[in-house]
Amino acid sequence: MSHPISRTFGRRLLIAAAALAAFVAIPARAETPPDVIRLAGQGNAAGKPYGSAVIGVVRAKEYLEKEFAKDGVKIEWQFPRGTGPAINEALANGQADFANYGGLPNIVGRGAGLKTKVLASYGTNPSYLVARPDRGVEKIADLKGKKIAVSRGTINELALNRVLAQGGLTEKDVTIFDLQSADQVAAVTTGDVDAVLGGNNLLPLVEKGTVKTVYSTKGSPAPGSLFGSFIVTEAFASKYPETTKRVVKAFVEAAAFASDEKNRDAVLDIWALTGVPREALANDFAGDKLADRLSPLLDDFYKTNITNGVTFALENKLIKTSFDVNQWIDPTYLNAAIKELGVEKAWTARNAKGEPQS
């Protein structure tokens, strides 16, 4: 015969267990996303502020607008002509939640105290060092004593430093003019500067014969390649983790579309919306695998580029103190999106040297 107290305790235990089961069975309350999601991307000072690479595909194919249509969320795009430094200002002023821009301003912003998290790489692009044909510049070393235009505070500044080093030079060996893209084109066209370091926006000048290519990182992960990140503010990710997950999923979906060779013509059409001639874009990507250029992976190659960028920023007093790159990078959203979309084989992880990881 069981004791009355034992029977009472048993009944209470069963009731408690049933209540717990009922609680567990109730689905967690869905997160209510914000009324607006604000994204910033590097603008194109030489053309239209639209969005290049993966973020341009996200915008053109309206991945985010479609994802959040049922929630009534507005997607707000901004592509300041001031590129990276201007994006840092937008983040600092609370005017952007996500941003896609170059590695150096990423780093400078973080080093200055911007509370952000890296969600994905925006891929890598070649840098082009071009010079006027009449200035006697045949190789990097010939730039000594020359006038070079570059956008300070952008990834191009870091690229120039790395390119000059390939010729045994430093910034002290040249005169640097801090100009945005459109002004760079004007300055080298009129002969006010001898050379320019930039991206594919310079290729139309090469095709016209205004300048010639002296050095390029195209076709290899050589020092001076352009790289950057897709980031979110810590405040947004903390308050809206599910929304952040959905945004990253859209980014990865766009990266997978843009990395598929059968979509090459389609993505070139999208990128031409920036105002860069489609032919120049086609030449920029000619011979390169889209998946190699547009990989969102936060692999060892990406981390090495970021770490080297932090060192550069410290040496040039762009930031006062270092920070832990591994603590800044959060791969959880990216890994979850890749798995959910089933695109694990879309990209190949690279080692620190940019070679396929074995």
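Fair warning: this is a prediction, and the values are worked out from it, not measured in the lab.
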With no hydrogens and no angle check, is any side-chain donor or acceptor of [X] less than 3.5 Å from a backbone partner on [Y]?
X: T189; Y: V185; answer: yes
X: N93; Y: E89; answer: yes
X: D71; Y: V73; answer: no
X: T124; Y: F227; answer: no
X: D178; Y: R152; answer: yes
X: D173; Y: T170; answer: yes
X: D142; Y: K139; answer: yes
X: E67; Y: Y63; answer: no
X: K146; Y: R135; answer: yes
X: R278; Y: D265; answer: yes

Looking just at side-chain N and O atoms, do [X] and [Y] make a donor-acceptor pair shorter than 3.5 Å?
X: T243; Y: E31; answer: yes
X: S229; Y: Y302; answer: yes
X: Q180; Y: T154; answer: no

Spell out, yes or no, whether [X] and [Y] are grouped together once hydrophobic residues are joined by side-chain heavy atoms under 4.5 Å, including indirect joins.
X: L129; Y: V193; answer: no
X: L226; Y: L290; answer: yes
X: I55; Y: V36; answer: no
X: Y101; Y: V247; answer: yes
X: I155; Y: L318; answer: yes

Grab the two heavy atoms, one from [X] and one from [Y], that are nearest each other, plus how far apart they are.
X: V211; Y: P133; result: CA-CD, 4.0 Å
X: G224; Y: T217; result: C-CG2, 3.7 Å
X: A291; Y: A346; result: CB-O, 3.6 Å
X: T213; Y: S216; result: CG2-CB, 4.1 Å
X: T348; Y: P356; result: CG2-CB, 4.0 Å
X: A96; Y: Q78; result: CB-NE2, 4.1 Å

Is [Y] close to [X] at the side-chain level, that is, under 4.5 Å between some pair of heavy atoms?
X: D330; Y: V118; result: no
X: P223; Y: Q166; result: yes
X: L297; Y: S121; result: no
X: N326; Y: K303; result: yes
X: V196; Y: I148; result: no
X: D288; Y: D292; result: no
X: L197; Y: S127; result: yes
X: Y122; Y: V54; result: no

Atom [atom1] in [X], atom [atom2] in [Y]: separation rounded to 0.5 Å?
X: E65; Y: I37; atom1: CD; atom2: CD1; value: 9.5 Å
X: Q184; Y: L202; atom1: CD; atom2: CG; value: 6.5 Å
X: K289; Y: L294; atom1: NZ; atom2: CG; value: 13.5 Å
X: D299; Y: N351; atom1: CG; atom2: CG; value: 8.5 Å
X: D192; Y: R132; atom1: CG; atom2: CZ; value: 9.0 Å
X: I319; Y: T321; atom1: CD1; atom2: OG1; value: 6.5 Å

Walk me through whether Y240 and D97 qualify under side-chain hydrogen bond (donor to acceptor under 3.5 Å, both in side chains). CA-CA 11 Å; Y240 302 107; D97 307 307; over 6 Å; no
For F251 together with F230, are the ring centres under 6.0 Å from each other? yes
For the aromatic rings, using the six-membered ring if either is Trp, is the centroid distance between Y50 and W271 under 6.0 Å?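 No, they do not, as the ring centres are separated by 6.0 Å or more.
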Tell me whether the NZ or CZ atom of R38 lies within the 45° cone about the ring axis of F98 and under 6.0 Å from its centre. no
Could you tell me if K218 sits above the aromatic ring of Y128, with its cationic atom closer than 6.0 Å to the ring centre and no more than 45 degrees from the axis? no
Any Lys/Arg nitrogen of [X] or [Y] sitting under 4.0 Å from an Asp/Glu carboxylate oxygen of the other?
X: K339; Y: E344; result: no
X: R293; Y: D284; result: yes
X: K212; Y: E138; result: yes

Give every donor-acceptor pair under 3.5 Å between a side-chain atom in residues 308-316 and any protein atom, sequence neighbours left out.
{"unit_1": "N308", "atom_1": "ND2", "unit_2": "T304", "atom_2": "O", "d": "3.3"}
{"unit_1": "T311", "atom_1": "OG1", "unit_2": "T307", "atom_2": "O", "d": "3.3"}
{"unit_1": "N316", "atom_1": "ND2", "unit_2": "F312", "atom_2": "O", "d": "2.9"}

Carefully, step by step, assess T116 and E234 under the rule side-chain contact (heavy atoms from CB on, under 4.5 Å). CA-CA 5 Å; T116 59; E234 288 184 359; 5.7 Å; no
Where do Y333 and K117 land on the side-chain contact (heavy atoms from CB on, under 4.5 Å) test, with the steps shown first? CA-CA 11 Å; Y333 293 101; K117 281 289 185 181; over 6 Å; no
Is atom [atom1] of [X] surrounded by more than 12 heavy atoms (other residues, nucleotides or ligands) closer than 6.0 Å?
X: E279; atom1: CD; answer: no
X: D324; atom1: CG; answer: yes
X: K353; atom1: NZ; answer: no

Taking the six-membered ring for Trp, are W77 and F79 parallel (under 30°), tilted (30 to 60°) or perpendicular (over 60°)? parallel
Check the pair L64 / V58 against side-chain contact (heavy atoms from CB on, under 4.5 Å), numbers first and verdict last. CA-CA 7 Å; L64 289 174; V58 174; 4.0 Å; yes
Among all residues two or more places apart in sequence or in another chain, which pass the side-chain hydrogen bond (donor to acceptor under 3.5 Å, both in side chains) test with E242? none
Run the side-chain contact (heavy atoms from CB on, under 4.5 Å) test on N100 and L39 for me, step by step, so that the C-alpha distance in whole Å, both residues' side-chain angles and the decisive distance to 0.1 Å come before the verdict. CA-CA 8 Å; N100 185 86; L39 300 97; over 6 Å; no
